[in-house]
A.B. asks: 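Below are the structure tokens for one structure; questions will follow.
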Amino acid sequence: MKSIFLTLSVAVLFNSLMSGDAYAQNYSLWPKRPPEIEQARKLAHAGKGAEAVEILRPFVTQEGVVGREARKITSAVQLPLYLSRRNPKATIYVVKSGEALNRIVNATQCPVELIMLLNGIVDPSALRAGQKLVVVQMGLRAEVNLRMRELSVWDDDTLVASYDIESHSLPIADENAATSIEAREGMINDETLHKRSTEFLCSQRMLKLASGVIISASPQAQSPSVCLKTADVNELALLLNSGARVDIIYTDAR
């Protein structure tokens, strides 16, 4: 049952990404489109994701339509890998007697949502001693690029995911700023849920940064906020653990 749950989750994610804007543009309106983009797109559809990512590497930091499509294709390839048991960094963790999920998160640096996804866990309080969990240490960082209206996730210099910023209420600054994820919450009908709640996976995620900025699916009246689509915020919570670095890019520099 768990394997079916994981297969369907990753399959739905992959199909939704591959059918997105990166594959629906009218390329006849783009006469100067680099041939590497089309080559990478075909490789991705053929299941040769690693080759596609390597071809796109020089383009993912570019601005404009070329860089945007390179990031979208790369995301479509990388996300199913990073959010699955096929992740090269996946390991096995054996639950100790009386151990709660939050302690496992701290020990493994694997986000609680990802532990639940990878292991088909619906009720976090039902862990048992000796249970083997697949975990992935997620040492990823994020960039919030206000000029390009994109939030991207990186593994060192490798792009993992890219999301469109729907809106933001951050004041424009002269210099870029570095901060980190201070807290992660799940909300249903404006009620904050504990991570051990059986409803946590169904909640709308919210990430609070040490600088006071909120990343969520709706504007925050009391705090500066960066708004993504609901599905994108929830996906972001699978990738970024508490303490993850977040760079806010105000200028042209990346």
A.B. asks: Considering non-hydrogen atoms only, spot the tightest contact between P219 and S225 and give its length.
C.D. replies: CA-OG, 3.7 Å

A.B. asks: So how far is it from I165 CD1 to L151 CG, rounded to the nearest 0.5 Å?
C.D. replies: 5.5 Å

A.B. asks: Could you tell me whether the side chain of T74 and the main chain of L159 form a donor-acceptor pair under 3.5 Å?
C.D. replies: no

A.B. asks: With a 4.5 Å limit on heavy-atom distance, are the side chains of P34 and V66 in contact?
C.D. replies: yes

A.B. asks: With H45, which of K48, R41, K42 fulfils side-chain contact (heavy atoms from CB on, under 4.5 Å)?
C.D. replies: R41

A.B. asks: Charged N to carboxylate O below 4.0 Å: is that the case for R147 and E63?
C.D. replies: yes

A.B. asks: So do T108 and T91 actually touch side chain to side chain, heavy atoms under 4.5 Å?
C.D. replies: no

A.B. asks: Do you know the tightest heavy-atom contact between A40 and A52?
C.D. replies: O-CB, 3.4 Å

A.B. asks: Is it true that a side-chain atom of T230 and a backbone atom of A217 form a donor plus acceptor pair closer than 3.5 Å?
C.D. replies: no

A.B. asks: Transitive ILVMFWY cluster of L43 at side-chain heavy atoms under 4.5 Å: who else is in it?
C.D. replies: I55

A.B. asks: Apply side-chain contact (heavy atoms from CB on, under 4.5 Å) to the pair M116 and L101, showing each step before the final yes or no.
C.D. replies: CA-CA 9 Å; M116 295 172 74; L101 196 55; 4.0 Å; yes

A.B. asks: If only atom types and distance count, is the side chain of Q131 paired as donor or acceptor with the main-chain N or O of R128 below 3.5 Å?
C.D. replies: yes

A.B. asks: Quick one: does L170's side chain get under 4.5 Å of P224's, heavy atoms only?
C.D. replies: yes

A.B. asks: Using every non-hydrogen atom in the two residues, find where I215 and V233 come nearest and quote the distance to one decimal.
C.D. replies: O-CG1, 4.2 Å

A.B. asks: Do L239 and L79 come close enough that some side-chain heavy atom pair is under 4.5 Å?
C.D. replies: yes

A.B. asks: Side chains of Q78 and T158: does their closest heavy-atom pair fall under 4.5 Å?
C.D. replies: yes

A.B. asks: To the nearest 0.5 Å, what is the distance between CG (L207) and CZ (R184)?
C.D. replies: 6.5 Å

A.B. asks: Is there a donor-acceptor contact under 3.5 Å from the side chain of N119 to the main chain of I115?
C.D. replies: yes

A.B. asks: Is it true that the side chains of D123 and S125 contain a donor and an acceptor less than 3.5 Å apart?
C.D. replies: yes

A.B. asks: Please report the closest heavy-atom contact between S223 and I214, naming both atoms and the distance.
C.D. replies: CB-CG1, 3.7 Å

A.B. asks: May I ask you to test the W154-V60 pair for a side-chain heavy-atom distance under 4.5 Å?
C.D. replies: yes

A.B. asks: Salt-bridge test for R141 and E143: reply yes if a basic N is under 4.0 Å from a carboxylate O, no otherwise.
C.D. replies: yes

A.B. asks: Nearest 0.5 Å, what's the CD-CG distance between Q109 and L114?
C.D. replies: 12.5 Å

A.B. asks: Heavy-atom count around R103 CZ within 6.0 Å, excluding the residue itself: above 12?
C.D. replies: no

A.B. asks: Does any non-hydrogen side-chain atom of V153 lie less than 4.5 Å from one of Y82?
C.D. replies: no

A.B. asks: How far apart are the closest heavy atoms of P80 and S75, and which atoms are they?
C.D. replies: CD-O, 4.1 Å

A.B. asks: Can a salt bridge be assigned to the pair E113 and R205 using a cut-off of 4.0 Å between side-chain N and carboxylate O?
C.D. replies: yes

A.B. asks: Does E166 come within less than 4.0 Å of R149, counting only side-chain N to carboxylate O?
C.D. replies: no

A.B. asks: To the nearest 0.5 angstrom, please state how far the OG atom of S180 sits from the CG atom of N241.
C.D. replies: 11.5 Å

A.B. asks: Can you tell me how far apart CD1 (I172) and OH (Y250) are? Round to the nearest 0.5 Å.
C.D. replies: 7.5 Å

A.B. asks: Would you say the side-chain atoms of S84 pair up with the backbone N or O of R86, donor to acceptor, closer than 3.5 Å?
C.D. replies: yes

A.B. asks: Return the CD1 to CD distance between I249 and E175, rounded to the nearest 0.5 Å.
C.D. replies: 12.0 Å

A.B. asks: Kindly give the heavy-atom pair with the smallest separation between L240 and L140, and that separation in Å.
C.D. replies: CD2-O, 3.9 Å

A.B. asks: So does R57 pair up with E54, basic N to acidic O under 4.0 Å?
C.D. replies: yes

A.B. asks: Report yes or no: does Q39 contribute a side-chain atom to a donor-acceptor pair with the main-chain N or O of E36 at less than 3.5 Å?
C.D. replies: no

A.B. asks: Tell me whether I104 is reachable from V94 by hopping between hydrophobic residues (I, L, V, M, F, W, Y) whose side-chain heavy atoms are closer than 4.5 Å.
C.D. replies: no

A.B. asks: Salt bridge or not for R71 and D164, using N-O below 4.0 Å?
C.D. replies: no

A.B. asks: State, yes or no, whether a side-chain contact exists between E182 and L209 at a heavy-atom distance under 4.5 Å.
C.D. replies: no

